[in-house]
Amino acid sequence: MSDPVGKLPSELDQLPDRDTEETAEWAASLDAVAQAAGTRRAEYLLRRTLQHAEAAGLALPKLLETDYVNTIPTAAEPEFPGDEEMEAKITAWNRWNAAAMVTRGSKYGVGGHIATFASAAWLYETGFQHFFRGKEADGSGDQLYIQGHASPGIYARAFLDGRISEQQLDNFRQESGGNGLPSYPHPRRLPWLWEFPTVSMGLGPLSAIYQARFNRYLQNRSIKDTANSHVWAFLGDGEMDEPESTAALALASREQLDNLTFVINCNLQRLDGPVRANFRVVQELEAQFRGAGWNVIKSLWGSAWDELFQLDTTGALVRRLREVPDAQFQTYATRDVAYIRQHFFGANAELVALGALLSDAKIAECFHSSRGGHEPRKVYAAYKAALEHKGAPTVILAQTVKGYTLGAGFESKNANHQMKKLTIDEFKDMRDLLGLPIPDSAFADGQVPYGHPGANSPEVQYLNERRAALGGPAPARKVRHVALPAPADRSFAPLLKGSGKQEMATTMAFVRLVKDLMRDKETGKRWVPIVPDEARTFGMESLFPSAGIYSPLGQTYEPVDRDQLMYYKEAKDGQILNEGITEAGAMADFIAACTSYATHGEPMIPFYIFYSMFGWQRTADQMWQLADQLGKGFIVGATAGRTTLTGEGLQHADGHSHLIASTNPASLNYDPAFAYEIAVIVKDGLRRMYGDQPEDVFYYLTVYNEPKVQPAMPEGVEEGILKGLYRFNTAADLAEAAPAADAAKIQLMASGTAIHWILEAQKLLAAEWNVAADVWSATSWGELRRDALECDEALLRGEVRTPYVTRALEGVTSPVLAVSDWMRQVPDQISQWVEQDYTSLGTDGFGLSDTREGARRHFGVDAQSIVVAALAQLARRGEVPASAVKEARERYGL
């Protein structure tokens, strides 16, 4: 075959041809086939040759897309080990109760989703009957990421096995009474059942990948044998549009996570209509996953299609399937046989002839209902092949009909995601289709009944026997609490005694503390440092040689800095998770580590450090996922604040992460000013999260990259540090220029790096304006507010309690000026519980590139601006002359 005119050069042109004559013979053979049998035959032979080469392990590029047929043909399916009739009965009961639960709840306006589980029922049931390992077997069992909208089917199964009552089913989405069921998989709301929150679309697949990866991390670090744990993630084809859904596909294949299987329910519909109306989402996903290095199994067609494929001697059927867009397939599922004969089989003469060989009943069966995801034998074959595949993760693309078995009013309809109930007549039709023994009299009150064959029925016995063989109920969350011993005090001592004359940023103080804690004989190995490729920015490179960077391959190269003291060391048992530039991936790692105490019975102590701007702002949804999953650990927003990260500009200047963090009830948020405060907070955090009575909380600490001399901890301030406020010093403590006894007084309150601005302002006020200022360190505006809110709630119950912030300032008659490197809304969180005259300064607005001094002057939070604000506050009270404010502005150039 001659080269086409103007053909672009390819990589083959750069490879020497050792036998041009043989190459020419191969090309001539292909030409001959094309001429004698047609181009389609030539294309077929090439595809089969490439598939054979791939199976033989030849180093050739993979086909990114295969024909629109099942990967595992019927003849190659393994023997099905279960009782199909019995499993069909169990699935029928679960389908019924899932639909009944949502329909009954609709009268209260709480809604729910019916169509998703209806399409995916066999995908779940086959797994529950034959694959998903429970928590009562050896190891940790499997980890199941259930698609959120399918939760009614999971509740229905738990009702069948006796773990959920009929009353609870009737309280679906009605939780406030204390005996309800959450809408979706929410561990915090139903902690004995759900392990992983997944309904925030995209986070389920991302978390599943990092969970599988963390399982290997525990294995390679000899902390827990996770060899028998498999991660299953159930996803929707529409969900795969979320960027997080596919963000870590390459990681999963790069690290050969064959302990991971994605099951994508390809019902071809998202929330409003077809997923790829004019295209084919299954083929698109196949190319995406195969390109990323995954093993792809397609289970598209049910056994009714076998006859069609056997009659397709010309390949016309396969070609037609490959070209029909998804939206058209949805239409076929809802139209009569005449329409299908005209619009599908009428495409060409070969298909017309094929269609003539088929009965109307066969065509209706194939196009209306026969899909690979609806047949347990097909699903079983796919799952078994996934578990047997080694060296790469597997994705199963299972085609289904959304709303399957719910009747013509639901199946494949664009609006079925928003449809919340069936009529009584539709339920009766569903009952007849499923063959359930529910009499018409059960509908006498106009309410659809729940169905249960009885606790001692063959169905329930079979279900319980299968689950017992697989290690107990699933899904299930079991916590076997293991308290960690408190680290030795010597790890905290260096920070408590201060830095002497040496300057040290609080970021470095935190890293030094953790480095010492990682040496602890009892708990050191449980620390999991996580960083998104900025370890050197935060001074963590000293951990590289000692702790190592985790890689399942170890280090297969000689690092360029091998001869340096702090060289880049990767190791199979490395402790550091250096994730590359992916905050979402790092958070997914963090969540897996934070919940290891429940997933694997192995408490780990993760800390995730990042540019504070790129934490809560980018991944706040994952912080809610972390809270829902009851995770424990330390999130560290480094280079915090709006004015400390000089030169980086608007998109790096964080003045609001504490405000976002304050919205999360599980997050304990601290903005420490000094190294000793960090030591006290971390020590107490370890007690609260990992001690004898662990709390389901996590910590957010902000640390700064501005070097300052770190003082020793004053006596008696521990309680104030933890509760959020204490008096650091008074005006009388100033060594020089102490104000006169009759001087006006003010309280200066600050968090984080702003403490240094108010300390300078304190001196200026005393020396130049005869104003006595006391300095307060507000380590946590959020904890002060949390305590105050709890006091307000107690008052509603008749219990009188005074907020800590009110008690801390008791007896103070002078006004309070609060300052921080955050928006004023952050310190203003406590204003209503401060009985004194209260004002604040902050860094509202967009950040900018400048020196620290220039940025602070711009926002009006430098020491001189604080002095002017303090004088203005005192002038309003008549405690200093108004002229002092004008004079100060002029003196300081404001």
Side-chain angles (χ1 to χ4, degrees), residues 210 213-214 216-218 220-223 251 484 487 491-492 495 505-552 554-555 566-597 602-612 614-615 619 622 626 631-640 678-679 681-683 685-686 689-690 698-703 705:
Y210 280 90
R213 193 275 193 97
F214 191 75
R216 291 283 171 84
Y217 173 88
L218 293 177
N220 289 331
R221 290 195 57 218
S222 300
I223 291 175
L251 167 71
L484 298 181
S491 298
F492 302 95
L495 269 59
T506 52
T507 299
M508 184 55 64
F510 178 82
V511 172
R512 288 185 181 181
L513 173 61
V514 171
K515 188 175 181 180
D516 287 341
L517 290 171
M518 287 171 65
R519 296 192 183 105
D520 187 88
K521 292 182 179 180
E522 296 288 340
T523 59
K525 68 177 183 179
R526 297 189 179 273
W527 282 87
V528 185
I530 302 170
V531 59
D533 197 39
E534 290 166 328
R536 297 181 192 277
T537 302
F538 308 132
M540 291 175 58
E541 64 269 29
S542 62
L543 294 177
F544 289 171
S546 57
I549 300 166
Y550 173 73
S551 169
Q555 193 150 31
M566 292 183 287
Y567 69 96
Y568 195 83
K569 177 188 175 183
E570 296 188 79
K572 190 173 182 179
D573 62 349
Q575 197 163 355
I576 303 168
L577 292 171
N578 192 317
E579 288 309 332
I581 305 176
T582 167
E583 285 80 10
M587 261 307 299
D589 248 339
F590 184 69
I591 293 171
C594 283
T595 55
S596 178
Y597 75 94
E602 293 288 348
M604 305 299 286
I605 312 172
F607 78 90
Y608 165 37
I609 189 168
F610 51 86
Y611 271 139
S612 66
F614 301 151
T619 60
Q622 288 176 286
L626 168 67
K632 311 172 193 293
F634 295 96
I635 302 176
V636 183
T639 58
I678 293 174
I681 294 165
V682 170
K683 184 177 183 180
L686 293 173
M689 293 188 291
Y690 303 98
F698 61 91
Y699 279 67
Y700 177 51
L701 276 68
T702 41
V703 292
N705 66 332

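This chain uses plain numbering: 1 for the first residue, then up along the sequence.
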Side-chain contact test, heavy atoms from C-beta onward, threshold under 4.5 Å: evaluate it for Met604 versus Ser596 and give yes or no. yes
Listed by chain and number, what are the salt bridge (charged side-chain N to carboxylate O under 4.0 Å, His left out) partners of Glu541, not counting sequence neighbours? none
Result block: side-chain N/O donor-acceptor pairs under 3.5 angstrom for residues 579-593, not counting sequence neighbours:
unit_1 : atom_1 : unit_2 : atom_2 : d
Glu579 : OE1    : Arg213 : NH1    : 3.2
Glu579 : OE2    : Arg213 : NH1    : 2.7
Glu579 : OE2    : Arg213 : NH2    : 3.4
Thr582 : OG1    : Gly585 : N      : 2.7
Glu583 : OE1    : Arg618 : NH1    : 3.0
Asp589 : OD2    : Arg213 : NH1    : 3.1

List in chain and number order the residues that pass side chain to side chain contact (heavy atoms under 4.5 Å, CB included) with Ala547, two or more places apart in sequence or in another chain; answer none if no residue qualifies. Met518, Gln575, Ile576
Measuring from Leu577:CG to Ser551:OG, what's the distance to the nearest 0.5 Å? 11.0 Å
Arg519: which residues meet the side chain to side chain contact (heavy atoms under 4.5 Å, CB included) condition with it, sequence neighbours left out? Lys515, Asp516
Over all heavy atoms of both residues, which pair between Gly539 and Val511 is shortest? Give the atoms and the distance, please. O-CG1, 3.7 Å
Qualifying residues under side chain to side chain donor-acceptor pair (under 3.5 Å), relative to Glu534, sequence neighbours excluded: none
Who are the side chain to side chain contact (heavy atoms under 4.5 Å, CB included) partners of Ala679, not counting sequence neighbours? Phe492, Leu495, Leu496
Tyr699/Ile681 under side chain to side chain contact (heavy atoms under 4.5 Å, CB included): CA gap, chis, key distance, verdict: CA-CA 9 Å; Tyr699 279 67; Ile681 294 165; 4.0 Å; yes
Heavy atoms only: give me the nearest Thr639-Tyr611 pair and the separation to one decimal. OG1-CD2, 2.6 Å
Contacts of type salt bridge (charged side-chain N to carboxylate O under 4.0 Å, His left out), residue Lys525, not counting sequence neighbours: none
Are Pro532 and Tyr608 close enough that some pair of their side-chain heavy atoms sits under 4.5 Å apart? yes
Indicate the atoms forming the closest heavy-atom contact of Gln555 with Tyr568, along with that distance. NE2-O, 2.9 Å
With Arg221 via salt bridge (charged side-chain N to carboxylate O under 4.0 Å, His left out) - residues at least two apart: none
Contacts of type side chain to side chain donor-acceptor pair (under 3.5 Å), residue Tyr700, not counting sequence neighbours: Ser657
Measuring only between side-chain heavy atoms, which start at C-beta, is Phe544 closer than 4.5 Å to Ile549? yes
What is the distance from atom CE of Met508 to atom OG of Ser542, rounded to the nearest 0.5 Å? 7.0 Å
Apply the test side chain to side chain contact (heavy atoms under 4.5 Å, CB included) to residues Leu686 and Phe634: give CA-CA distance (whole Å), side-chain angles for both, the deciding distance (0.1 Å), then the verdict. CA-CA 9 Å; Leu686 293 173; Phe634 295 96; 3.8 Å; yes
Let me see the working for Ile605 and Val528 under side chain to side chain contact (heavy atoms under 4.5 Å, CB included), right down to the final yes or no. CA-CA 6 Å; Ile605 312 172; Val528 185; over 6 Å; no
Minimal heavy-atom distance between Leu484 and Pro603, with the atoms involved, is CD2-CG, 3.7 Å
Taking the six-membered ring for Trp, is the centroid-to-centroid distance between Phe610 and Phe538 below 6.0 Å? no
Using a 4.5 Å cut-off on heavy atoms from C-beta on, say whether the side chain of Asn220 contacts that of Pro552. yes
Test side chain to side chain donor-acceptor pair (under 3.5 Å) applied to Asn578 - qualifying residues, sequence neighbours left out: none
Step-by-step side chain to side chain contact (heavy atoms under 4.5 Å, CB included) determination, Thr537 to Thr507: CA-CA 10 Å; Thr537 302; Thr507 299; over 6 Å; no
So which heavy atom on Thr506 is nearest to which on Ile678, and how close? O-CD1, 3.5 Å
Could you check whether any side-chain heavy atom of Cys594 comes within less than 4.5 Å of a side-chain heavy atom of Leu626, counting everything from C-beta outward? yes
Would you verify whether the NZ or CZ of Lys632 falls within 45 degrees of the ring axis of Tyr690 while also being under 6.0 Å from that six-membered ring's centre? no
To check you understand the geometry: which heavy-atom pair defines the closest contact between Ser491 and Leu513, and what is its length? O-CD1, 3.4 Å
Can you sort out the partners of Glu522 under side chain to side chain contact (heavy atoms under 4.5 Å, CB included), two or more places apart, ordered by chain and number? Pro485, Asp520
Identify, with sequence neighbours excluded, every residue that meets salt bridge (charged side-chain N to carboxylate O under 4.0 Å, His left out) alongside Arg512. none
Would you say the side chain of Leu517 lies within less than 4.5 Å of the side chain of Thr523, judging by non-hydrogen atoms? no
Just wondering, do Phe607 and Ile530 contact through their side chains at under 4.5 Å, heavy atoms? no
